[in-house]
Amino acid sequence: MEFPLYNAPYINAGMVIGINAVLHVIISHGVAIGLVFMVALAEYIGLKHGLEGAEKFTTRLVKLTVVIVTGIGAVTGVGIWFTTTALVPTGIGSMLRLFFWPWFAEWLIFVLEVAALLILYYKWDGWAGGKRIYRAYYGFAYAFLGSVSTVLISGILSFMLTSDGWPWNKSFWSAFINPSFLPQVILRLGGAYALGAMFAMASLLFMRTDGVFRRKMLGVYGLILLVSLTVAAVSTRWYFIEVPSAFKTYAIAAVSTPDISQSPRVFWAVNAAGLVVVAALSVAALARSGGLSKLLVLPALFAAFCFVAEYESIREFIRGPYLMPGYMYANQIMLDESEYLKKTGLLKNAAWLQFTNASQDETTADRYLFEQNCGICHTIGGVNDIGKRFRGRTEDGIAVIIGHTNEMAPFMPPFSGTEAERKRLAKYLYKISQQGR
Amino acid sequence: MYKLHDFLIQPPLSEGWTKSLLFVFFFVHILFVLLMLGTAIMASFYYFRSWRPHGRVGTGTEMLAPFTAHKSLAVVFGVGPLLLIQAGLSAPFFMATSLLAPWWMLIIALLVISFVFFDAPGKRFHADHPFIGLAVMAVAIVTLLVVPAIFTLTLSVAENPSWWEGMAQKGFLSSGSEWHWLLRYLHVLGAAIVFAAAFHYFLGVKYLGRKGADAMVGWMAGGTLLQFISGPLLALTVSGKLGFHPVLFMVIGISAAAILLWTIFKRSGKSLCPMATIPLMIVLLVSMLSVRQFLQDSGFSPVLREAKKNRALYAAAIEPFRKEALDQYKARLATVYDNGGTIFKNSCAFCHGGNASGNGPEASNLSIRPEDISSIRTNRAYLYKILADGIPDTSMPYFSFFDKDKVDDLIIYLDRNYRVLGPIEPLKAAVSQDAMKKAEEFYKETCSNCHGMDGRGGKIPLKPGPPDFTQYNLVPTKVFEVVSKGYPGTAMPSFGGLPEDIRWGLVKLVNDFY
C-alpha cells in the first residue's frame with residue numbers, strides 16, 4: 001500500500017524516528033526498569049539493615065521517576081508508533097500485521113506496568129512503618145513487568161535484522177524466535193540494569209544523603225554495574241556473532257560519517273575509552289570511594305547514552321537495504337514488488353500520485369520517483385543530501401549508479417522502476433547535484 | 001475508486017472482532033482522556049483565577065493530584081485502540097496520518113511538554129517563583145488543548161475519503177470541513193468538562209469542600225448545556241450520513257443528557273446520587289461513541305472494501321516475481337565483504353568489467369569510458385584518494401561508505417591482480433633523439449597548456465581535470481592509444497596526425513613524469 005509520503009524538511013525519517021527512540025530507550029531501559037529496581041532495592045536494603053536516610057532518598061527519587069517515566073518515557077514510547085506511522089506507514093503497518101500478538105501482549109503488560117507504577121506513586125506515603133516493604137515489592141514487580149516488555153519487543157526488533165527462515169516459510173515463530181533474539185534480550189536487560197545503577201549512583205552522590213546509607217548503597221550499585229556491564233559486553237559480542245556477515249560488514253560506517261569511517265581505529269579507541277570510564281566507575285563504587293565515583297559518574301552516564309545511541313543506530317543501519325529482510329526494502333517497496341515495478345513502472349502503478357493529479361506536473365513526478373526510491377534516507381539539501389552525494393558526477397554516471405545502488409553500496413535498496421524512469425530520475429538528480437556547486 | 005491496496009500480510013483479526021475490541025478499548029481510552037482534559041481545564045481555570053504575585057494557589061494545583069493517573073491511563077489505553085485500528089482498519093487510518101504527518105508527530109512533543117509542565121508547577125514553582133509558575137501552567141494547558149484538536153482532525157480525515165484529494169492539493173483548510181472538525185473538537189472538550197467535574201465531585205471531597213463540590217455541579221451543568229449547542233450543530237455537518245443506528249444512539253444520548261440535567265437542577269441542595277448519575281453518564285458516553293462508531297464505519301467501509309479487492313489483484317500481479325526476488329536475497333545474505341575481490345565484483349565490475357578491462361556491461365552507457373584498470377600505474381595514496389573521493393566530473397563515484405580497512409582490501413586486490421601499484425613497464429619502441437626533441441617541443445607548445453610543464457596539470461580549468469602524471473600514469477601502450485585517439489568524453493583530443501615516433505616520444509615524456 002502506498003500513501004502520500006511525508007518527508008520532514010532537512011532531516012530524514014530515520015533521524016526523526018531515531019531521536020525519539022533513543023530518548024525512549026534511555027528512559028524505558030535506564031529509568032523505568034533500571035532505576036525503579038534500584039530504588040526498590042534501596043528501600044529493601046534500607047529496611048532490612050535499618051539504615052537511616054534510605055526512606056528520604058527513595059521517596060524523593062520515586063516521585064521524580066514517576067514524572068519522568070509517565071511524562072516522557074511512556075509518551076516517547078507511543079511516539080515510536082506515531083513517528084513510524086507518519087513516516088513509514090507501509091513498513092510499520094506490515095510489521096504490525098506480522099507481530100500483532102506480541103505487540104498486543106506487550107500492550108497488556110504496559111497497562112499492568114502503569115497500574116503498578118501508579119499504585120506505587122499514590123500509595124507510597126501511605127505505606128509507612130510496617131507496610132514499607134510493599135514499596136519494594138511493587139518496585140520489583142514493576143521492574144519485572146518492564147523486563148517482560150523488553151523480551152517481547154526484542155523479538156520484533158531482532159527480526160528486522162535476522163528474519164531467519166521467515167521470508168520462505170512465513171511462520172510467525174520463525175520470525176519471532178530468531179537468531180539474534182536471545183543475545184538482544186540479554187544485552188537490553190544488562191544495559192537496563194547498568195544504566196539504572198548509574199542513574200541511582202548519580203542520585204546518591206548528588207542528593208544530600210546519609211553517609212552510612214550512601215556508602216552501603218554505593219557498593220551495592222557498583223557491584224550491580226560491574227555485573228550488568230559484563231553481561232552487556234559479552235552479549236553484545238554474542239549479538240554481533242549472530243548477525244549475518246553480509247550485514248555486519250558496514251557496522252562502522254553505520255555510526256560515522258564517510259570521513260570518520262576512513263579511520264576505523266578512532267572508532268575502536270573511542271568505544272574502548274567509553275567502556276573504561278564505565279568500568280572504572282563500577283570499581284570506584286565497589287571500593288566505596290565517593291569522591292572518585294562523583295568524578296566519574298557523569299562522564300560514565302554520557303558514555304552510556306552514547307553506547308545506547310550507537311547500538312540502536314548500528315542495529316537500524318546495518319539492516320541496510322531491508323525494513324523486513326527478505327520481504328521489504330527500507331523504502332517500503334517489497335522485494336518482489338521491486339522486480340514487478342522494474343518491468344511495469346513506478347509512476348504507472350502509483351496509487352497516490354494519480355489521484356492528486358500531480359502526475360501531470362513534471363517536477364512532481366520527478367520528485368515522486370526520488371521520494372519513493374530514496375526519500376526514506378536521503379533529503380534534498382538536508383541530512384544525507386542527495387545533491388551532495390552525486391555532486392561531481394556526470395548525468396550518465398548518475399544513471400548507471402542508480403541502476404546499481406544495491407550492488408555498489410550494499411546497504412542501499414535497488415531502484416524500483418523502468419529504464420526510462422531511471423534515466424528520468426538521473427536527469428533530475430543531476431540537475432539537483434549541480435545546484436549550489 | 002483509488003489504487004490503494006491493503007497490506008499484503010493478512011490482518012490478525014476479522015473486521016468484526018477488530019471493530020468490537022476497538023469499541024471497548026476506545027471507550028476506556030476516551031474515558032481517561034476526558035478526565036485528563038477536563039481536570040486540566042478546570043485546574044488551570046482555578047489556578048489562573050486565584051493567582052496572585054504573592055499568594056498561595058489552592059484548588060488549582062490540588063485538583064491536579066489525580067492528573068498523573070488520568071494522563072498515564074489515557075496514554076496507556078490509547079495504545080490498544082491504535083494497534084487495532086492500524087492493523088485492522090489500515091487504509092483509511094494511515095491515509096489520514098500520512099496526510100497530517102507533521103501534525104500527527106507533533107502530538108508527541110506537545111504531550112511531553114504538557115505532561116512535564118503540569119507536574120512541575122504544583123510541586124515547585126508557584127510558591128517561590130509565581131511568574132514562572134504562571135508561564136509553566138499556561139504552556140501546559142495550551143499544549144494539552146492542541147492534542148485533541150489533532151486527534152479529532154485525524155479521525156475526521158480518515159472518515160472522509162472525499163476530502164483526501166483536496167487536502168493533498170491544497171491542504172486541509174480548503175476542504176470545506178473546518179466546521180465539522182471544530183464542532184467535534186468542542187464536543188470533546190464539553191464532554192471532558194462534564195466527566196471530569198463528575199469525577200472530582202464524587203472523589204475529590206478532600207480538597208473541594210462544600211463550595212467546591214457545588215462548583216463541580218455547576219461545571220457539569222454548564223458542560224452539558226454546551227453539548228446541547230455543539231451536538232446538534234455537529235450532527236448537521238454529518239446530516240448526509242445519518243442512518244438509522246446513528247440517529248437511534250443520538251436519541252439515547254440526548255435523552256440521557258436531558259435526564260442528567262434534570263437531576264442536577266432538581267436536586268435542591270441535596271447531593272447527587274452516584275448510583276444514578278454514574279450509570280447515566282456511562283450510557284451517555286456509550287451512545288456518543290456509538291454514533292461516532294457508526295459514522296466512522298460508513299466512511300471506512302468503501303475504502304476498506306476497495307483496498308481489500310485491490311490487494312488480491314496486486315498480490316497476483318507481483319507473485320510471479322517472488323522466486324527471483326528471494327533467490328537474489330539469498331545470494332545477498334551469502335555475500336561477505338571481507339576481501340577486495342567481493343567489493344570489486346559487486347561495486348566496480350558493472351562499469352570496469354569482471355576482468356577490469358573497462359568493458360563492463362554499463363561501459364557503453366558512459367560518455368567517459370571506465371578506465372582499463374590493468375593499464376593504471378599509480379601510488380597507494382593517489383589510488384586511495386580516487387577510491388575515497390571519486391573523480392570529479394566523471395561517473396567515478398566515491399567509496400568512502402566502505403570503511404578504510406575495506407578500501408585497503410580493494411587496493412590490495414587491484415594491485416595483486418592488475419599491478420596498479422607496480423612500476424611502469426619500459427617503452428618497447430625505440431625513440432630517436434630527433435623525435436624526442438620534437439615531442440618535447442610539441443609537449444611544451446600544446447600539451448603543457450592542460451597538463452603543465454611538470455605534468456601535474458596546467459592553467460586551463462577543465463572538467464574533468466587531467467590527472468597528475470607524477471602520481472598517476474598509464475602503461476605505455478595505453479598512453480599511446482590516448483595520444484593517438486584522444487580520450488572520449490574529455491577535453492583530450494586525438495593527436496593521431498602526428499608521426500608515430502613523435503607520439504611514442506610523448507608517451508616516454510608522460511611516463512617519465514612518474
Side-chain angles (χ1 to χ4, degrees), chain A residues 1 3-4 6 20 66-67 70-72 74-76 78-79 81-83 85-86 89 93-94 96-98 100-101 103-104 107 110-111 114 118 121 167-168 244-246 249 252-253 258 261-264 326 335-337 339-340 351 354-356 392-394 396-397 400-401 404 407-409, chain B residues 2-7 9 11-12 68-69 72 75-76 79-80 82-83 86-87 90 94-95 97-99 101 104-105 107-108 111-112 115-116 119 165 168-169 317-318 321-322 324-326 329 332-333 335-337 346-347 350 362 365-367 388 392-395 397 400-401 403-405:
Chain A
M1 185 152 26
F3 302 99
Y6 171 77
N20 174 76
V66 171
V67 170
T70 59
I72 309 176
V75 179
T76 49
V78 179
W81 278 113
F82 277 61
T83 48
T85 299
S94 304
L96 178 58
R97 290 265 174 104
L98 174 56
F100 180 80
W101 292 112
W103 257 318
F104 195 77
W107 172 58
F110 182 30
V111 173
V114 169
L118 288 175
Y121 180 71
W168 289 272
S245 180
T249 179
I252 296 178
S261 79
Q262 295 313 298
S263 322
L335 272 58
D336 39 8
E337 184 182 21
E339 301 301 319
Y340 170 74
Q354 54 134 26
F355 83 74
T356 61
R393 303 285 88 77
T394 53
D396 54 12
V400 167
I401 292 168
H404 294 272
E407 295 156 80
M408 193 185 91
Chain B
Y2 307 127
K3 279 190 192 170
L4 267 187
H5 61 79
D6 196 9
F7 303 127
I9 299 177
T68 305
S72 304
V75 168
V76 70
V79 174
L82 189 64
L83 291 180
Q86 288 189 328
S90 320
F94 278 104
M95 210 46 220
T97 50
S98 294
L99 284 167
W104 175 250
M105 289 190 288
I107 289 174
I108 297 308
L111 284 182
V112 168
F115 287 174
V116 172
D119 276 318
E165 198 167 324
Q169 286 167 356
I318 65 172
F321 299 91
R322 176 161 320 146
E324 185 191 346
L326 279 176
Y329 171 68
R332 168 79 31 206
L333 273 190
T335 312
V336 177
Y337 285 83
N346 286 291
S347 303
F350 58 84
E362 293 284 7
N365 295 324
L366 296 170
S367 51
D393 305 303
T394 72
S395 51
S400 55
F401 48 80
D403 62 61
K404 180 151 193 305
D405 293 341

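Here is the naming used below: chain letters follow the sequence lines, and residue numbers restart at 1 for every chain. All values below were derived from every heavy atom in this structure, side-chain atoms included, with hydrogens, water molecules and symmetry-related copies excluded. Predicted model only: the values in this text are computed from it and were never measured.
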Chain A contact via B:Ser72 - which portion, at a heavy-atom distance below 4.5 Å: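 For B:Ser72, heavy atoms of backbone and side chain both lie under 4.5 Å from chain A.
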
Is B:Gln86 in contact with chain A via its backbone, its side chain, both, or neither, using a 4.5 Å heavy-atom distance?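 Both parts, backbone and side chain.
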
What I'd like to find out is whether the side chain of [X] reaches to under 4.5 Å of the side chain of [Y], using heavy atoms alone.
X	Y	answer
A:Trp81	B:Leu83	yes
B:Phe115	A:Thr70	no
B:Ser395	A:Arg393	no
A:Phe3	B:Thr97	no
A:Ser263	B:Lys404	no
B:Arg332	A:Leu335	no
A:Val400	B:Leu366	yes
B:Pro12	A:Arg97	yes

Among [options], residue most engaged with chain B (heavy-atom pairs, under 4.5 Å):
options	answer
A:Phe104, A:Phe110, A:Tyr340	A:Tyr340
A:Pro244, A:Gly79, A:Gly71	A:Gly71
A:Gly326, A:Gly397, A:Pro167	A:Gly326
A:Ile72, A:Thr85, A:Thr83	A:Thr85

Considering all heavy atoms of both residues, which atom of [X] and which atom of [Y] are nearest to each other, and what is their separation?
X	Y	answer
B:Phe94	A:Pro89	CD2-CB, 3.5 Å
B:Ser400	A:Gln262	O-NE2, 3.1 Å
B:Ile9	A:Leu98	CG2-N, 4.2 Å
A:Tyr6	B:Met105	CE2-CE, 3.9 Å
A:Phe100	B:Ala87	CD1-CB, 3.6 Å
B:Thr68	A:Val66	CG2-CG1, 4.1 Å

Tell me every residue that passes salt bridge (charged side-chain N to carboxylate O under 4.0 Å, His left out) with A:Glu339, counting only those two or more places apart in sequence or in another chain.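 So A:Glu339 forms a salt bridge (charged side-chain N to carboxylate O under 4.0 Å, His left out) with A:Lys342.
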
Taking every heavy-atom pair that is under 4.5 Å apart, which of B:Leu326, B:Leu82, B:Leu111 has the most such pairs with chain A?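 The answer is B:Leu326.
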
Donor-acceptor pair, A:Asp336 side chain versus B:Ala325 backbone, under 3.5 Å?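 Such a contact is absent between A:Asp336 side chain and B:Ala325 backbone.
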
Can you tell me which portion of A:Val111 sits under 4.5 Å from chain B's heavy atoms? Options are side chain, backbone, both or neither.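 Both the backbone and the side chain of A:Val111 come within 4.5 Å of chain B.
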
Just say parallel, tilted or perpendicular for the rings of A:His404 and B:Phe350, cut-offs at 30° and 60°.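 Ring orientation of A:His404 relative to B:Phe350: parallel.
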
